[in-house]
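Remember, predicted model here, so these are calculated numbers, not experimental data. Chain letters run A, B, ... following the sequence lines, proteins first and then strands; every chain starts at 1.
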Protein chains: 2
Amino acid sequence: MSGDRSKAARHRPTIHDVAAAAGVSRGTVSRALNGGRNVSPAALEAVLKAVRTTGYVANPAARSLVTQRAHSVAFVLTEPQQRLFEDPNFSILLQGCTQELAELDVPVLLMTASTEVERKRTSRFIAAGHVDGVLLVSSHTGNPLIDDLHDSGIPVVACGKPIGFENRVAYAAADDRSGARLMVEHLRSRGRRRIATITGPPDTPGGVERLAGYRDVLGADATPELIAHGDYSRVGGEAAMASLLERAPDLDAVFVASDLMAAGALNVLHDSGRRVPEDVAVGGFDDSSIATSTRPALTTVRQPFQRITREMVRLLMEQIRGEPPAAAILPTELVVRAST
Amino acid sequence: MSGDRSKAARHRPTIHDVAAAAGVSRGTVSRALNGGRNVSPAALEAVLKAVRTTGYVANPAARSLVTQRAHSVAFVLTEPQQRLFEDPNFSILLQGCTQELAELDVPVLLMTASTEVERKRTSRFIAAGHVDGVLLVSSHTGNPLIDDLHDSGIPVVACGKPIGFENRVAYAAADDRSGARLMVEHLRSRGRRRIATITGPPDTPGGVERLAGYRDVLGADATPELIAHGDYSRVGGEAAMASLLERAPDLDAVFVASDLMAAGALNVLHDSGRRVPEDVAVGGFDDSSIATSTRPALTTVRQPFQRITREMVRLLMEQIRGEPPAAAILPTELVVRAST
DNA sequence: AACCGCGCTGTGAACGTGCACAGTAGTTGC
DNA sequence: GCAACTACTGTGCACGTTCACAGCGCGGTT
């Protein structure tokens, strides 16, 4: 074992070794490996064979040093730590971006910026040039990280509309407002008349837009006692549901702005003795893995996470290539299950 | 805006700029920044001031090139993609490791190796020297990635005992067997006599050890019809519970080897008309966020995730510094809630 | 015959840092 | 008074790669 180790660690083959083995120069090896332009078939073959026999893999640091590119990207989460593992949305986004970028051979660095200390560390780290771009997942507005990033001039793509930076920072987002309308219209079509809502935080795009969609459909029926604010957490959903039941005990439907909060709401409704959907219909938002694990399974609005992550990556790569920031708004879809 | 960008991008200050601004040489700047040994107070102050005025941040690629260290670490997940966001355990581990390493200023690269293509990409990437070490989260045995990593001689720490590599690869793990004993003894103390179990996959340490703990306590009472195998997924837990109910309808308790599977089991018990814990007591394993979100809340065995991640990071850093691989076994704890 | 363009090749110069080494000034010891 | 030591400083080199440039042979055009 230690023999293997020292052998492997003794000396990693460099481009010189490959050149020597192939009987050509460094330049030819480099050209053969990066696109292969202006390389004779014989030389190309010799190089590829030498790469195989030597087990050569290019040194990323040396490459980065000369190309002035890190060839990697950061995934930055500004939400409280808790969120990452409580709400599956973040995992799905992370997973999607990682996979999308892996196909481009771009590794993803995971960083958080929940606290002030972390934010400074992350800003500094990104300013150091460790990464070529940033995928920013931060629903709340007002985090100074986005200022730092914007000032440093590094390409950034936000997930969800970055309130206050809509025109300066690229983003990919679901069409929250239309999605909310779809759900509320669906609840109406089921004959519900007292439709309440649990919103996201008012400083998040989802909190604002999904409430707007709800109001679009209900108009004057959207009375204050039917609206409760949540914080996208399960316990937040429970608290909001309890508050709604107190203020509007006659409600017959609830549109909840996230599946996780809806799961909390379902528990509270269950504890209060109400049946879902017979007494109260419940609609969620996201279509995350939670939606199929509740009893009853949740009718919800599907966010096209795969398209979102794909667009985020595309928009980021565009900017890294020098193009200006752009935005992508993606359509949502109603998924009807047992809770309505 | 574009003014700012081009200004920021025009030229990043190098160590030369700092040296010039401080009126000293490169070497002095380097020494001042790396430990500050053998630097006069005056020079140190001048350097720090120059760093502030120029906004200098060391170029990581140049540093890596000369130190032969990447100063970063990979977190590699070999489970199917799905797992990352279905089972909160992985998110917790990821989060914990990231946070622990962030304090050491070591970034974490997230990679997956679920498919053959991904495995090759990941192996190749790690062999390229992008990272100094690997945190490997892979419950199943038989994944060739661990061979690749071991062959390449890179420091590795596994989460959970790496079956087949126990003596060659470092790992941190909870004491699964004792934890299982704790739970089964608890169920017995509640007066349960027909205690079934849903195991993890037999090619995972958790699948083997937790079953062994169950057998330790029950002895001859651990009859085959009381044992069902799951795959750590929710639907796997549902299927196993359904199978148990068919084979042993008189069971009065179930020890489930993960909280996620236990959540599935609870749903099936509920659908079958059984009350928990009156008719059937249910015990989980992990104490993940799921445990408090089920109805009733889940009695479970707490894995000390924070200590596990801390040990993983410590063991990895040790190896990177050249010390031999070691292992850490951490104690578990019974957490009693409403389901037993 | 001289010239040009083309496809291919080798070579030198960066990229920005850390480290070994040599050197300097000031202090101490004998 | 000289050597030895200490505390600090500057300089050259190396890390491994890419890129621009120059060189070279060769066929075709003027």
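- Taking a cutoff of 4.0 Å between a charged side-chain nitrogen and a carboxylate oxygen, E116(B) and R119(B) qualify as a salt bridge.
- At a threshold of 4.0 Å, the pair R321(B)-E318(B) does not count as salt-bridged, since none of the basic side-chain nitrogens sits closer than that to a carboxylate oxygen.
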Would you mind writing out the side-chain donor-acceptor pairs for residues 38-49 of chain B within the sub-3.5 Å range, not counting sequence neighbours?
from   : atom 1 : to     : atom 2 : distance (Å)
S40(B) : OG     : A43(B) : N      : 3.2

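- Legend: residues meeting side chain to side chain donor-acceptor pair (under 3.5 Å) with S123(B), ordered by chain and number and at least two apart, are D148(B).
- Contact annotation for N59(A): backbone-only contact, meaning every heavy-atom pair under 4.0 Å involves sugar-phosphate atoms and none involves a base.
- Near DNA chain D, meaning a heavy atom under 4.0 Å from it, residues 42-57 of chain A has Y56(A) in order of number.
- Taking the nucleotide of DNA chain D with the nearest heavy atom to each of V66(B) and V39(B), the more 5' of the two is matched to V39(B).
- A donor-acceptor pair is defined here as one N or O able to donate and one able to accept, closer than 3.5 Å; such a pair exists between the side chain of S64(B) and the backbone of P60(B).
- Between chain B and DNA chain C, the heavy-atom contact criterion of under 4.0 Å yields a 5' to 3' nucleotide range of dG16(C) to dG18(C).
- Between the side chain of R12(B) and the backbone N or O of A128(A), at least one donor-acceptor pair lies under 3.5 Å.
- Under the side chain to side chain contact (heavy atoms under 4.5 Å, CB included) test applied with V76(B), the options L135(B), L136(B), L149(B), L109(B) reduce to a single match, L136(B).
- When each of V137(B), T98(B), L77(B) is tested with L93(B) by the rule side chain to side chain contact (heavy atoms under 4.5 Å, CB included), just one qualifies, namely V137(B).
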Residues V156(A), H150(A); criterion side chain to side chain contact (heavy atoms under 4.5 Å, CB included); working and verdict | CA-CA 8 Å; V156(A) 175; H150(A) 186 255; over 6 Å; no
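- With sequence neighbours left out, the side chain to side chain donor-acceptor pair (under 3.5 Å) criterion links R310(B) to no other residue.
- Annotation: side chain to side chain donor-acceptor pair (under 3.5 Å) contacts of T53(A) (sequence neighbours excluded): none.
- For L104(A), the side chain to side chain contact (heavy atoms under 4.5 Å, CB included) partners are L101(A), V106(A), V313(A), M317(A), not counting sequence neighbours.
- Among residues two or more places apart in sequence or in another chain, the side chain to side chain donor-acceptor pair (under 3.5 Å) test is passed with T141(B) by none.
- With a cut-off of 3.5 Å on both pairing distances, the Watson-Crick and G-U wobble pairs of DNA chain D assemble into stems of 3 or more at C:1-30 with D:1-30.
- None of R121(A), E118(A), E79(A) except one satisfies the side-chain hydrogen bond (donor to acceptor under 3.5 Å, both in side chains) rule with T112(A); the exception is E118(A).
- Contacts of residues 24-31 of chain B with DNA chain C (heavy atom under 4.0 Å): R26(B), S30(B).
- The ring pair (Phe, Tyr, Trp, His ring centres under 6.0 Å) analysis of residues 91-144 of chain A, with sequence neighbours excluded, yields the pairs F125(A)-H130(A).
- In the 5' to 3' direction, nucleotides of DNA chain D lying under 4.0 Å from heavy atoms of chain B begin and end at dC8(D) to dG16(D).
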